[in-house]
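Chain letters run A, B, ... following the sequence lines, proteins first and then strands; every chain starts at 1.
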Protein chains: 2
Amino acid sequence: MLWERAREPHAHRWSLPGGGLGEYEDVETSIRRQLAEKVDVRQLSHVEQLAVFSNPARVPGPRVVATAFLGLVPSHIDPVVPSDTAWHPVDALPATAFDHQAICRRARSRLASKLSYTNLGFALAPPEFTISALRSLYSAALGYKVSATNLQRVLSRRGLLEPTGGTVQPGPSGGRPAALFRFASGEMRITDPFAVLRPPSTRSLGP
Amino acid sequence: MLWERAREPHAHRWSLPGGGLGEYEDVETSIRRQLAEKVDVRQLSHVEQLAVFSNPARVPGPRVVATAFLGLVPSHIDPVVPSDTAWHPVDALPATAFDHQAICRRARSRLASKLSYTNLGFALAPPEFTISALRSLYSAALGYKVSATNLQRVLSRRGLLEPTGGTVQPGPSGGRPAALFRFASGEMRITDPFAVLRPPSTRSLGP
DNA sequence: CCACGTTTTCGACCGATAGGCGAAAACCTG
DNA sequence: CAGGTTTTCGCCTATCGGTCGAAAACGTGG
C-alpha cells in the first residue's frame, strides 16, 4: 500500500506510509498510529519489524533513520483507502520515493521466508478458505506455484488446518465443490521456525 | 561481551557495547566503530541487525532508541578487551543495565534459529576444526546437545563441510585421532533459509 | 605386548516429511 | 447422458534426520 507524494522531494512518486516517532510511543505503536490514518488498524493481522534503514543519504536533507515494518492484511479485507493511496502488486511497483523499493523487496523476501517455515499463513487467509484459494495466496506471496496437494498435506501434518465442514459451490465451468478449511484456533500466533537440528528425542507427548 | 558501567544510571551494572549514531554513518558502520573501541573489528565474523528497542522507558531520562545487533566472533579468537570489559556465558549473565538482558535473549534466540536453518556455523568455527569441536560449538550456541553423527551428515549433505586431510593427536586418555574439516570455500556467506515449500521440481543440476 | 578403556568414525536401519502423479469424486454444460 | 472441469485422495518415491551399534585407531596399565 503506497501513497502518492504531493510535495518535493520526490513529488508524485509513491511512498510507504509512515512518519516520525512520537515522544511517548515505541516504534510499533508509532507505525500502527501512522497506518491508522490510511487504514483501520484492526484489520492488520500481523506486524513485525523488518530492519532499520539508516544510510545517511537515503533521503535528501537532514538525516532520517527509518525502522521498516512488515504489515499484513488478510486477503478478504479490502480496506477503504484515502484518495492519494492505493494498493500495488509487489511484483510491479510504480516509481517509488527514496529507498522504499528496497524496503519493499526486503518485506517481500521476509514474507516468503516466514511463509515457508512458520505458520504465518493464517495472517493472509480469510477465516474460511478453500485449498485452492490458499494455494493462490501462497503462490502469490512466494512468487512461484505451490502444489495444492502438498500445501494441504504440509499444513495438515503441522496441525494448522481443520475442515469447517462447509463447501463452496463450483463456478460456471463446473468442478467438484471445494471443501472449506480454517486455521486451527490456538495456532493463530507465530510459531518458531522448525529447527533442523533438534534437541535429542524430546518426542511430542501424546494426549 | 559486556562492560561494566562506571557512572549512573545503572552504575556497576553490565552493559552491551554501543553508542550514539554519528551524523555521517549508518547503523552498521556505527556499531562496528563503537565495537572497535572494545575489540578489533577485523575479528568479527558476522554482524546482523537484530531489532529496534524503542520503549520510551527503556532508559531513564531523555528518549533513546537503540538498534540492537548480533555480532559473532570465531571460537578460536580470544580478543584482548579493556579492563572494564569481559566475556560472559550467555546462559549466566550478571546484572545487566537497562533492557540489555532482553536484547541478549533475543540475540541468543536469533543465533540458535539461524544456526539451524542457515550455514551460519562458519562464523563461529575456527578455520579448521574437528567434528567434536564443532559439535561443542553448536551445542553451546543452541543450548542442547546435538549428535555428532547428525551434525556431520547434515552439513556434509549441504556441501558445507570438506576434510582438510589433517588430523589431531588424541589426548592423554587415548582415542582415535580426529579428522580436521573446514567450511567449504564459497559457502562463507549466509544462505537463505531452506524453504519448506519449494518451487516445483527445480532439481539441482548436475556438473 | 596384550587386554582394556576411550574417542572418533562410519554404516545400517527407521520414521517422518515432501514432491509427483494419476485416479476417483463431484460438479457443470450442452 | 457424454464430455469437460475442478477438487480430493491415495500411492509411490526420494530425501532427510534420529538412533544405534560396530569398527577403527589411539593410549595406558599389567
Asker: Could you pick out which residue, B:S132 or A:P172, lies toward the 5' side of DNA chain C when each is mapped onto its nearest nucleotide?
Answerer: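 Comparing both residues, the 5'-ward one is B:S132.
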Asker: May I have the distance from A:K145 (atom NZ) to C:dG19 (atom C1'), rounded to whole angstrom?
Answerer: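 Computing the A:K145:NZ to C:dG19:C1' distance gives 17 Å.
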Asker: Once you round it to whole Å, what is the distance between C1' of C:dG11 and CD of B:Q152?
Answerer: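 Atom-to-atom, B:Q152 to C:dG11, this comes out as 12 Å.
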Asker: Whole angstroms only, please: what is the OH-C1' distance between B:Y144 and D:dG17?
Answerer: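 Computing the B:Y144:OH to D:dG17:C1' distance gives 12 Å.
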Asker: Return no unless some side-chain N or O of B:R135 is found under 4.0 Å from OP1 or OP2 of C:dT9.
Answerer: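 Indeed not, no polar side-chain atom of B:R135 lies that close.
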Asker: Can you find a donor-acceptor N/O pair under 3.5 angstrom joining the side chain of A:R153 to the base of D:dG10?
Answerer: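 Between D:dG10 and A:R153, which were checked side chain against base, a qualifying N/O pair under 3.5 Å is absent.
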Asker: Between B:N150 and D:dG17, is there a side-chain N or O to OP1/OP2 distance below 4.0 Å?
Answerer: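 For D:dG17, OP1/OP2 do not have a side-chain N/O of B:N150 under 4.0 Å.
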Asker: Can you tell me the distance, in whole Å, between the CG atom of A:L155 and the P atom of C:dA16?
Answerer: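 Atom-to-atom, A:L155 to C:dA16, this comes out as 19 Å.
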Asker: When you compare the protein's N or O atoms with those of nucleotides 2-6 of chain C, which come within less than 3.5 Å of each other, and at what distance?
Answerer:
residue	atom	partner	partner atom	Å
C:dT6	O4'	B:S173	O	3.4
C:dT6	O2	B:G175	N	3.2

Asker: Does a salt bridge link A:R58 with B:D26, judged by any charged N lying under 4.0 Å from a carboxylate O?
Answerer: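 Salt bridge flag = no for B:D26 with A:R58.
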Asker: What is the distance, to the nearest angstrom, from the CZ atom on A:F181 to the C1' atom on D:dT7?
Answerer: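 Rounding to the nearest Å, CZ of A:F181 and C1' of D:dT7 are 10 Å apart.
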Asker: Nearest-Å distance, CG (A:L151) to P (C:dA18)?
Answerer: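 After rounding, the gap between these two atoms is 11 Å.
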Asker: Residues two or more places apart in sequence or in another chain: which of them pass side-chain hydrogen bond (donor to acceptor under 3.5 Å, both in side chains) with A:R135?
Answerer: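 Once residues adjacent in sequence are excluded, A:R135 has no partner under the side-chain hydrogen bond (donor to acceptor under 3.5 Å, both in side chains) criterion.
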Asker: In degrees, rounded to 10°, what is the bend between the two ends of the helix from C:dC1-D:dG30 to C:dG30-D:dC1, using five pairs at each?
Answerer: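 Inter-axis angle at the termini of the helix from C:dC1-D:dG30 to C:dG30-D:dC1: 10°.
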Asker: Compute the centroid of each ring, for A:Y117 and then for B:Y117, and state whether the two points are separated by less than 6.0 Å.
Answerer: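 Distance test on ring centres: under 6.0 Å, yes.
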Asker: Need to verify one output field. Residue with the more 5' nearest nucleotide on DNA chain C, A:Q169 or B:A178?
Answerer: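 Nearer the 5' end of the strand: B:A178.
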Asker: By ring-ring contact (aromatic ring centres under 6.0 Å, His included), which residues pair with A:H88, not counting sequence neighbours?
Answerer: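 By the ring-ring contact (aromatic ring centres under 6.0 Å, His included) rule, A:H88 matches A:W14.
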Asker: Between A:L180 (CG) and D:dT6 (P), how many Å, whole number?
Answerer: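 Rounded to the whole Å, the gap is 18 Å.
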Asker: Write out all pairs satisfying ring-ring contact (aromatic ring centres under 6.0 Å, His included) with one or both partners inside residues 91-115 of chain A, taking only residues at least two apart or from two chains.
Answerer: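 Only A:H10-A:F98, A:F98-A:H100 qualify under ring-ring contact (aromatic ring centres under 6.0 Å, His included).
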Asker: How about NE2 on A:H12, more than 12 heavy atoms from neighbouring residues, nucleotides or ligands closer than 6.0 Å, or not?
Answerer: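 Counting other residues, nucleotides and ligands, NE2 of A:H12 stays at 12 neighbours or fewer.
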Asker: Taking only residues two or more places apart in sequence, or in another chain, which ones meet B:P82 in a side chain to side chain contact (heavy atoms under 4.5 Å, CB included)?
Answerer: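 Residues passing side chain to side chain contact (heavy atoms under 4.5 Å, CB included) with B:P82: B:K38, B:D84, B:T85.
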Asker: Quick check against the 3.5 Å criterion: does B:R13 have a side-chain atom that pairs as donor or acceptor with the backbone of B:T96?
Answerer: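 Flag set: sc B:R13 to bb B:T96 pair under 3.5 Å.
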Asker: Between B:S54 (side chain only) and A:V27 (backbone N and O only), is there a donor and an acceptor less than 3.5 Å apart?
Answerer: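 Yes.
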Asker: A:A179 near the nucleic acid: base, sugar-phosphate alone, or nothing, with a heavy-atom cut-off under 4.0 Å?
Answerer: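 Here A:A179 touches the backbone only, sparing every base.
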Asker: In whole Å, I'd like the distance from the OH atom of A:Y117 to the C1' atom of D:dC16.
Answerer: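 From A:Y117 OH to D:dC16 C1': 19 Å.
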Asker: Look only at the side chain of B:S109 and the backbone of B:R105, and say whether a donor-acceptor pair between them is shorter than 3.5 Å.
Answerer: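 No; zero donor-acceptor contacts below 3.5 Å.
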Asker: Report the residue (B:R157 or B:T149) whose heavy-atom-nearest nucleotide on DNA chain D is the more 5′ of the two.
Answerer: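 The 5'-side residue here is B:R157.
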